[in-house]
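In listed order, ligands and their atoms are each counted from 1.
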Amino acid sequence: MKPSIILYKALPEDLAHRLTEHFTVTQVPNLQPETVEQYADAFANAEGLLGSTEQVGSELLAKMPKLRAASTISVGYDAFDVDALNAKKILLMHTPTVLTETVADTIMALVLSSARRVVEVAERVKKGEWTKGIGPDWFGVDVHHKTLGIIGMGRIGLAVAQRAHFGFGMPILYNARRQHEEAETRFQARYCDLDSLLKESDFVVLVLPYSEQTHHLINAEKFAIMKSSAIFINAGRGAVVDENAMIDALKNGEIHAAGLDVFEQEPLSVDSPLLTLPNVVAVPHIGSATHETRYGMAACAVENLIDALNGRVEKNCVNPQVAP
Ligand code: DGY
């Protein structure tokens, strides 16, 4: 008999078909308590779980006593209570590598659009304000050859460094848990402690995952250290930054501008003060959101679940130590 799984995200047809070759699939709209109640038998019998974004904690796991593996269509896995999974020896699979280049492209788009005010001036053109040769009130600031500080030198940090170094001639500073030889030899990146990076960078790019250790790592004190001309980019997780402190820093001119793909609450509330600030480019967590990459991530997550439920955890497994 095929193992049963719960699918909580719509998949392209061919990938949904691939799943049914291996599993009996129950597709549900979300993981909310009402849904779990409605599909109680399917949750009770599921050995696998596949989807993204929704929170998976001990309450849900209690309803899934047979669960052996969860596969998320994302590189980040902060939506999962990893300790609870470990305690129950449930494997957690994720999708690193496949989205690296796409997220790095998004980060460069945020760097360029914040510095050159692309969104703001394009809106002004649409409103009919381009009626004569433009003056300084339309100008941005240069990107090329400015100093870029990267906080978190993982795969994505490295791909950003490559673009910035070769494409824009930018000196690279970085802060990470350890020094990164490849970044230093290929892109002449210089390792810095966090405060020195914040002090010296023209662009600060944050690509850290969320954890208890990174919660509000960038707070009022850190914004105060940055240059008043600094542009801050967050493409990691919203709660790594104290959003209220960032709003104050943007309002008070402690930093020049921000390009944001992630927020403390997503979707971002329409009432967020961030949306009233002209020096903010806010996009809806589009880091990996291209047709090609989202397909690649979904395909990777499908294969990951097949692998995990067949005892293969050599790649893309967050907690291989719990494998049977
Ligand atoms: C991830 O996969 O965790 C990214 O945030 C999606 O863009």
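Interface atoms of ligand 1 facing Met297, defined by a heavy-atom separation under 4.0 Å, are 2 (O). Near Arg237, with a cut-off below 4.0 Å to any heavy atom, the atoms of ligand 1 are 1 (C), 3 (O), 5 (O). Set against the non-hydrogen atoms of Ser288, the atoms of ligand 1 under 4.0 Å away are 6 (C), 7 (O). Every atom of ligand 1 with a heavy atom of Gly76 under 4.0 Å away is listed here by number and element: 1 (C), 2 (O), 3 (O). Proximity to Ser74 (heavy-atom distance under 4.0 Å) selects the following atoms of ligand 1: 1 (C), 2 (O), 3 (O). Those atoms of ligand 1 with a heavy atom of Leu99 less than 4.0 angstrom away are 2 (O).
An N or O contact shorter than 3.5 Å links His285 to ligand 1 by distance.
To the nearest 0.5 angstrom, Lys63 atom NZ is 12.0 Å from Ser58 atom OG. Taking CD from Glu243 and CG from Asp248, the interatomic distance works out to 11.5 Å, rounded to the nearest 0.5 Å.
Not a single salt bridge (charged side-chain N to carboxylate O under 4.0 Å, His left out) links Asp83 to another residue, sequence neighbours left out.
The closest approach between a heavy atom of His94 and any atom of ligand 1 is not below 4.0 Å.
By the criterion of a heavy-atom distance under 4.0 Å, neither the backbone nor the side chain of Ile286 is placed next to ligand 1.
Sequence neighbours left out, not one pair with a member in residues 252-291 passes ring-ring contact (aromatic ring centres under 6.0 Å, His included).
Looking only at heavy atoms of the protein, atom 2 (O) of ligand 1 is closest to Val75 N, 2.7 Å.
Residue-environment remark: CD (Glu21) exceeds the threshold of 12 foreign heavy atoms within 6.0 Å.
Across Thr106 and Ile286, no two heavy atoms sit closer than the pair OG1-O, 3.8 Å.
By the 4.0 Å N-to-carboxylate-O rule, Arg237 lies too far from Glu266 to be salt-bridged with it.
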